[in-house]
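Order of appearance sets the numbers: ligands from 1, and atoms from 1 within every ligand. Since the structure is predicted, the reported quantities are computational estimates derived from the model, not experimental observations.
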Amino acid sequence: MKIRISSFYNLLFIAALLGCLVAPAQAVDIESVLNTAYDKYRNLEEGANADYIPALAKVDPELFGIVLVTVDGKVYSVGDVTSEVSIQSISKVFTMAKVMEESGPDAISDNMGVDATGQVFNSIVAIEQYKGQQMNAMVNPGAITATSMVKGKTGEDVWKSIIGTYDDFAGRKLSVLEDIYKSEAETNQRNQALAMLMYAYGRIETDPLVATDVYTRQCSVGVNARDLAMMAATLANGGKNPVTGKQVIGSDIVPEVLAVMATAGLYDDSGQWLFRTGLPAKSGVGGGILAVSPGKFGIAAISPPLDPAGNSVRAQKSIADISNALCGNPYDPVPEGSCGSK
Ligand code: GLN
């Protein structure tokens, strides 16, 4: 079609067309997208709290909150965004990021690897299959190994470095939920066994029981939905906290962090999650999930009941709806603002 742009009416037509393409992006009201997802799923009674760590079974299953933080630091929230749950496996992302920051991404890929295991997160078979390699830092053996790789002379030094990193990602001082830590420390014999095996295969080079204890502490850190969304937004913003302005990790390692999250963030349901959302994400058995839309936003939801794969039911559904409504999928080539119909 030939367009005679000298014509005033043609120009008017082009302007109107552009207006149509651009308008939906501007019209999306993030607050109402969050409210819609919250209302849709708040009464959904699927899944159950994790109970293999006894204290997790006692957390209120009705707790439900969602927060989205844009890369320019705007915070949108709905529901309970102040109650804390234990961060659990979501911590694995930020400990791995710390190791990559200190020792380079290859330190992770060369040691425990960056491949999906296809096994549950505390699988012993997954270790045995490749002698502690060709797995990843999002499953327990790889995560405890990553904790052991954080620089520090003593377990206490390593712990201080880890919690300091989490504080910077969240933009506030976080602390351990002592009841959760105690409960998990009393019942973490399986994790101790995983760490011992990783030590036996030369993947862990420090005291494996100290590494397991620091790992247990990192999993017991208390976070609310806002903290998790801020941590995700820091990754979405190239490693710089969008509210405090602190560059927490180098922007050069963010792609590798996100790649591991995409591969294994929701355990053996990571493929299904990626298929539906395209978002690098991480779940924890405390009921939190965070997800990253690179260059756009970080989002998190907390709701303790989990599906059989160990991922929060309400958090998965609400984050997927919200991200798809806001064009969050980094694999989606449609122009900004025209993907909301999914
Ligand atoms: N602390 C938990 C564990 O080691 C973390 C597991 C999880 O959140 N998937 O079993």
Side-chain angles (χ1 to χ4, degrees), residues 47-59 84-96 112 116-127 135-148 159 162-163 166 174 176-198 204 208-223 227-228 231-232 260-261 263-270 273 281-291 300-313 315-316:
N49 283 29
D51 58 6
Y52 75 101
I53 299 168
L56 294 183
K58 296 188 199 137
V59 178
E84 291 184 354
V85 296
S86 49
I87 188 169
Q88 295 298 342
S89 274
I90 301 170
S91 67
K92 293 166 177 170
V93 171
F94 303 97
T95 298
M96 177 187 73
M112 75 289 284
T117 64
Q119 308 282 340
V120 291
F121 58 78
N122 53 9
S123 168
I124 285 173
V125 174
I127 303 177
M135 51 167 58
N136 61 77
M138 303 294 106
V139 291
N140 290 11
I144 300 168
T145 304
T147 299
S148 79
W159 166 244
I162 286 175
I163 188 71
Y166 296 1
L174 302 172
V176 168
L177 300 175
E178 291 298 336
D179 57 327
I180 304 280
Y181 170 69
K182 187 170 177 293
S183 178
E184 187 161 348
E186 281 167 4
T187 54
N188 69 355
Q189 291 75 24
R190 188 177 179 94
N191 282 342
Q192 293 176 28
L194 299 175
M196 281 294 189
L197 266 179
M198 292 302 269
I204 291 180
L209 294 184
V210 171
T212 309
D213 182 58
V214 176
Y215 165 82
T216 304
R217 260 194 270 176
Q218 78 177 45
C219 287
S220 309
V221 168
V223 283
D227 297 325
L228 291 179
M231 295 171 102
V260 178
M261 291 167 72
T263 307
L266 268 70
Y267 313 114
D268 30 340
D269 271 356
S270 297
W273 170 261
K282 186 72 201 83
S283 65
V285 289
I289 297 184
L290 57 71
I302 291 178
S303 168
L306 311 178
D307 68 11
N311 301 313
S312 165
V313 177
Q316 285 179 82

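Residue-level proximity to ligand 1 for N122 is absent, since no heavy atom of it falls below 4.0 angstrom. At a heavy-atom cutoff of 4.0 Å, ligand 1 is contacted by the side chain of N191 but not by its backbone.
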For this session: Give the C-alpha distance, both sets of side-chain angles, the deciding distance and a yes or no for side-chain hydrogen bond (donor to acceptor under 3.5 Å, both in side chains) between S91 and Y215.
Result: CA-CA 9 Å; S91 67; Y215 165 82; over 6 Å; no
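Between the side chains of N188 and Y52, no donor N or O sits under 3.5 Å from an acceptor N or O. When only modelled atom types and interatomic distance are considered, Y166 and T95 share a side-chain donor-acceptor pair under 3.5 Å. One side chain, K92 or N140, offers a donor N or O that lies under 3.5 Å from an acceptor on the other. A donor-acceptor contact closer than 3.5 angstrom links the side chains of Q316 and D307.
Within the listing of ligand 1, atoms 1 (N), 2 (C), 3 (C), 4 (O) sit less than 4.0 angstrom from a heavy atom of E184. If you number the atoms of ligand 1 from 1 as listed, the ones under 4.0 Å from a heavy atom of C219 come out as 1 (N). Close approach of ligand 1 to G284 is summarised as follows: ligand atoms under 4.0 Å from at least one heavy atom of the residue are 8 (O). For ligand 1, the atoms lying closer than 4.0 Å to a non-hydrogen atom of Y215 are 1 (N), 2 (C), 3 (C), 4 (O), 5 (C). Ligand-side atoms of ligand 1 in range of N140: 3 (C), 4 (O), 10 (O), range being under 4.0 angstrom from any heavy atom.
Nearest protein heavy-atom contact of atom 10 (O) of ligand 1 is Y52 OH, 2.5 Å. The closest protein non-hydrogen atom to atom 7 (C) of ligand 1 is S89 OG, 2.5 Å. Annotation: atom 2 (C) of ligand 1 to nearest protein heavy atom, Q88 OE1, 3.1 Å. Nearest to atom 9 (N) of ligand 1 among the protein's heavy atoms is Y267 OH, 2.4 Å.
The pair K182-E186 counts as a salt bridge, with a side-chain nitrogen and a carboxylate oxygen less than 4.0 angstrom apart.
Panel note: side chain N136, backbone V139; a donor-acceptor pair is recorded below 3.5 Å.
Side-chain contact between D268 and Q119: absent, with no pair of heavy atoms (C-beta onward) separated by less than 4.5 Å.
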